[in-house]
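As structure tokens, the structure follows; a few thoughts come after it.
Just so we're on the same page: letters track the sequence lines, and every chain starts at 1.
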There are 2 protein chains.
Amino acid sequence: MAPRTRQSQRRRQVLSRERIVEAAIELLDAAGEGALTVRTLTERLSTGSGAIYHHVGTRQELLESAIDTVVSAALDAVPTPARDREGAPEDEIRAVALGLFDAATRHPWLAAQLAAQITRNPWGPVTLQVFERIGRPMRALGVPEHDWFAASSTLVHYILGATTQNTQHADAAPVGDRAEFLDATARAWQDLDPGDYPFVRAVAGQMREHDDRRQFRTGIDTVLKGITATHRPRRRQART
Amino acid sequence: MAPRTRQSQRRRQVLSRERIVEAAIELLDAAGEGALTVRTLTERLSTGSGAIYHHVGTRQELLESAIDTVVSAALDAVPTPARDREGAPEDEIRAVALGLFDAATRHPWLAAQLAAQITRNPWGPVTLQVFERIGRPMRALGVPEHDWFAASSTLVHYILGATTQNTQHADAAPVGDRAEFLDATARAWQDLDPGDYPFVRAVAGQMREHDDRRQFRTGIDTVLKGITATHRPRRRQART
DNA sequence: ACCTGAACACCGTTCAAGT
DNA sequence: ACCTGAACACCGTTCAAGT
């Protein structure tokens, strides 16, 4: 029916690195890291494996591109405040951190992959971007220049650890039964030997009722407070 | 030469779950996660693959046992203080955290695997142990009971994030050239566009000279300070 | 019960060959 | 330049068969 001039369109456009990365993200979102396979990719894009390697280099590299794409989009969506207003630095750090947290929630594979990739290449483009967006507002927090790297590292490490821990189990479970999962865990905790695990037993109830995102927010606030308390000590510090 | 009565000894004892886990840890230590293969394991233990599956269930399970073994050993090596002495809770939390950090340094595969496994099964035996050892002293920090779970989570998340980020790249690089690696990274950072990455550029020098372990320690102190500052506010909190 | 090792169904990656 | 798809060298896991 349609004229022949745009024939390439029905056959799913031309292949390109972007289209491959896009398809990879869809596969990852649908079923986790294990679902990203060169063969699945060739089916979805109806090509041969060679075509993919022509554009992409390696599966690992493709995964990195997927991470980079998602993280960049998340960070770009966080607005940069116009000028340093009242209490602005804390607000921006919170916004960046929550932007990452929410991206990890939307893409359940992200946190684990991000953590793994950062260990593999600690200073790749993704880490760089995260550091820049966290570090820039941090400077307005009263931290002396020689502590900038340490303070921003602490924030970034907390963000990475918390998102990894909180975002859903990578491949397993149909996502919906989170409440059920927390409930089962809480019950298991309550059944622990009180001699061996008094603390875990005591917090089982809090664990069941906690809200991941809310807790992440208060965690960020705790770290921010630690940074400002260290560098703006009010009067002398209490001894004993 | 030796009498026949102990024939089993030369042929590397009998196979057991413990011996398999032990061999797995050796393989991991020697060459990272990729080196742990059922086939390599059968060669090292001179058996068939079926023998391994008879004892172990699955490769994933074996990996979890390896993690559990190493983490348990690290935590057990940290002494529990006799009674709550002066400033003891902070000291114990620091000791536990550093125990984990040092274990991750000795076993370069550990941090990444720990992070991955915790995402897979957030409340498995490993997480449980870590939480218990961190949470117990934390109670003496002045945190009200309804915040116990949140405060201990913040600590644990920071510990996991920082060890993951700081412990060497999993499989790559012969470990030795860390200084060289930091140097190359610092140079790359200094060459970044100052318009795009002013912060990262500014801290490149600090990055090169930083000491991972020392920085981890100050990170823990920052989080601890954040916790105590939140829950023991001196006078009223400064507004604006 | 404990072990053997061939066989199965998958991987990622390469490469001669086509257009 | 871009793509095809068979082939290669690996995986984890199973299972009939042995002791």
Side-chain angles (χ1 to χ4, degrees), chain A residues 4 6-25 27-28 30-67 109 113 116-117 120 170-172, chain B residues 4-25 27-28 30-67 109 113 116-117 120-121 170-172:
Chain A
R4 227 79 180 310
R6 298 294 220 94
Q7 8 80 302
S8 62
Q9 206 154 33
R10 170 181 293 107
R11 208 169 268 274
R12 313 190 81 122
Q13 313 158 31
V14 239
L15 206 52
S16 70
R17 200 187 156 91
E18 288 74 39
R19 269 184 45 65
I20 295 173
V21 172
E22 188 192 329
I25 293 175
L27 288 173
L28 290 164
E33 202 227 324
L36 178 57
T37 271
V38 178
R39 276 162 183 81
T40 338
L41 219 41
T42 59
E43 282 164 30
R44 191 171 191 109
L45 298 166
S46 43
T47 47
S49 58
I52 290 182
Y53 283 94
H54 182 79
H55 290 280
V56 154
T58 187
R59 189 194 110 110
Q60 193 55 245
E61 201 183 304
L62 176 56
L63 204 42
E64 281 162 30
S65 287
I67 296 167
W109 51 276
Q113 279 325 110
Q117 200 232 296
R120 217 176 292 123
D171 300 295
Chain B
R4 225 84 180 305
T5 20
R6 299 295 220 94
Q7 6 82 301
S8 63
Q9 204 153 37
R10 172 185 289 105
R11 207 170 267 273
R12 314 189 83 126
Q13 314 156 29
V14 240
L15 206 52
S16 69
R17 201 189 155 91
E18 289 73 41
R19 270 186 42 67
I20 296 173
V21 172
E22 188 192 327
I25 293 175
L27 288 173
L28 290 164
E33 201 227 324
L36 178 58
T37 271
V38 177
R39 275 161 183 81
T40 340
L41 218 41
T42 59
E43 284 165 27
R44 190 169 192 110
L45 297 166
S46 42
T47 48
S49 57
I52 290 182
Y53 282 93
H54 182 79
H55 291 279
V56 154
T58 185
R59 189 195 110 110
Q60 193 55 244
E61 201 184 306
L62 176 56
L63 203 43
E64 280 162 30
S65 286
I67 296 167
W109 50 277
Q113 279 326 109
Q117 201 232 297
R120 217 175 294 121
N121 177 15
D171 301 295

Would you mind telling me which residue lines up with the more 5' stretch of DNA chain C, A:Ala51 or A:Val38, judged by nearest nucleotide?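 Whichever sits nearer the 5' end wins; that is A:Val38.
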
Under 4.0 angstrom, heavy atoms only, what part of the nucleic acid is A:Leu36 near: base, sugar-phosphate, or nothing?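 A:Leu36: backbone/sugar contact only, no base atoms under 4.0 Å.
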
Which is true for B:Thr58 with a 4.0 Å heavy-atom rule: it touches a base, it touches only sugar-phosphate, or it touches nothing?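 Since only primed, P, OP1 and OP2 atoms lie under 4.0 Å of B:Thr58, the category is sugar-phosphate.
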
Determine whether A:Gln117 and A:Leu63 make a side-chain contact, defined as any pair of heavy atoms from C-beta on separated by less than 4.5 Å.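 No, too far: nothing below the 4.5 Å cut-off.
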
Identified pairing partner of C:dA1, criterion: Watson-Crick or G-U wobble below 3.5 Å: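 Here C:dA1 is engaged in a pair, and the nucleotide opposite it is D:dT19.
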
Does D:dA7 pair with anything, Watson-Crick or G-U wobble, both distances under 3.5 Å, and if so, with which nucleotide?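 The answer is C:dT13, by the H-bond criterion.
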
Donor on one side chain, acceptor on other, A:Arg17 and A:Ser65, under 3.5 Å: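 Yes, a side-chain donor-acceptor pair sits under 3.5 Å.
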
Looking at A:Glu33 and A:Arg59, does any basic side-chain N land under 4.0 Å from a carboxylate oxygen?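 A salt bridge is present here (some side-chain N lies under 4.0 Å from a carboxylate O).
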
Under 4.0 Å from any heavy atom of chain B: name the first and the last nucleotide of DNA chain C that qualifies, 5' to 3'.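 Extent of the interface on DNA chain C: C:dC2 to C:dA7.
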
As an exercise, state the distance from CD of A:Glu64 to OG1 of A:Thr58, rounded to the nearest 0.5 Å.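 Output value for this atom pair is 9.0 Å.
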
Nearest-0.5 Å distance that lies between atom CD in B:Gln113 and atom CG in B:Leu28: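 Going from CD on B:Gln113 over to CG on B:Leu28, the span is 7.5 Å.
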
Between A:His54 and A:Ser49, just flag the one whose closest nucleotide in DNA chain D comes earlier from the 5' side.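 It is A:His54, whose closest nucleotide lies nearer the 5' terminus.
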
Check B:Ala23 against B:Leu41 and note the closest heavy-atom contact, atom names and distance.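 It is CB-CD1, 4.0 Å.
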
